[in-house]
Amino acid sequence: MHNSIDTMKIFYAVQATGNGHISRAMELLPYLQQYGTVDIFLSGDNSNLTTNIPIKYRSKGLSLYYNCTGGLDYWQIIKGIHPLRLRQEIRDLPVEKYDLIINDFEYITAAACARKKICSVNFGHQASFRSAYTPRPERKNVTGEWLLKNYAKATRYVGLHFKKYDDFIFTPVIKKEILEAEPSDRNYITVYLPSWCEPNLKQLCKPFRDFQFEIFCRQTKQSHQSGNILFLPVDKTRFSQSLIHCNGIITGGGFETPAEALHLGKKILAVPIRGQYEQQCNTAALKQMGVLCPDSFENFADKFDHWMNSPSLPAMDYSQGIQQSLNYLFSHHQQMKTSDSFISLCGEEI
């Protein structure tokens, strides 16, 4: 217990678009509770994970939705935007009642802090894109860059990425069961493509009859076998076990899943979701590390064959990511509180 600051009131905003942010929050919560009491704000409604964390505030927020073929569902995204509701939630969110605001890329919290001139820390993967040293694709997307830097602006930034590209960037938050695992190869391939549906995944994997697949799908409610494919519902524990014992993983260009696979030393084939600039940035970083990252699933048989015949990469050691990033966060928060310029910094980006 950190006695000097154990009465701190912490507000932790978590983006619930996809499963990565929630998974990270579930892992970080016990560590944050060593520093004080933690109230969680969960924003968004497009996660498939059941959470065992106590949620104090809840909002539909702004969410990304996907079609069944590896792209964004723009109409569903637009339908989910309610400006009047957002305006009221920004006004009513009680960020001023807390000693520390930690924001994992959540818009309402960032807007509430700006409106009320409250200091906040953007903590997470997206914060790493404040650095020019974080890898980008050959062709930068102006809109994508603007969103990464302005969607959840803060006073301070603590980034997470595959490598420590800058002094405020740290290695990923990895689940305890992955850190403590003894990986093995049980001769199957794990598949996690959250923007795909069951029929499309079946069509993708069924031709490779000599291989067994464990596919985690948002549409799947109960496990069922279809030839060489085992379909499984998205579940944190079951997915971790599948990843620990697989031969390799086919996934999107997200952050948490490739990070866990890198820590375990698994073969990775990562294909970014169409229209998702952040995923294109992630696959640019993975390519630098030697991971096969095709731009699409066209001519997939050739890409799959090339992937299966390529060697595995050495495992990365991400065991210190939580401790190092939180040490940095809380030491800088203490310095900022005692600084003469503390008040003037709040509500401003630095």
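All values below were derived from every heavy atom in this structure, side-chain atoms included, with hydrogens, water molecules and symmetry-related copies excluded. The model shown is predicted, which means the values in this text are computed figures rather than measured ones.
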Do the side chains of [X] and [Y] get close enough for a salt bridge, i.e. N-O under 4.0 angstrom?
X	Y	answer
Lys9	Asp39	no
Arg58	Glu89	no
Lys175	Glu256	no
Glu145	Lys149	yes

Rounded to the nearest 0.5 Å, how far does [atom2] of [Y] lie from [atom1] of [X]?
X	Y	atom1	atom2	result
Thr171	Asp317	OG1	CG	8.0 Å
Phe170	Tyr328	CZ	OH	6.0 Å
Phe105	Glu278	CZ	CD	7.0 Å

Please tell me whether [X] and [Y] form a close aromatic pair, meaning their ring centres lie under 6.0 Å apart.
X	Y	value
Phe162	Tyr318	no
Tyr98	Phe11	yes
Phe213	Tyr188	no
Phe168	Tyr157	no
Phe41	Tyr12	no

Subject >> Within 6.0 Å of NZ in Lys287, more than 12 heavy atoms from elsewhere >> reply: yes
**OP:** Answer yes if Phe123 and Leu147 sit in the same cluster of Ile, Leu, Val, Met, Phe, Trp and Tyr residues linked by side chain heavy atoms under 4.5 Å apart, and no otherwise.
**Re:** no
**OP:** Treat each ILVMFWY residue as a node, draw an edge where side-chain heavy atoms are under 4.5 Å apart, and state whether Tyr107 and Trp146 are in one component.
**Re:** no
**OP:** Write down the atom of Ala25, the atom of Val14, and the distance for their closest heavy-atom approach.
**Re:** CB-CG2, 3.7 Å
Original post:
Between Lys221 and Pro233, what is the shortest heavy-atom contact and its length?
Top reply: O-CG, 3.8 Å
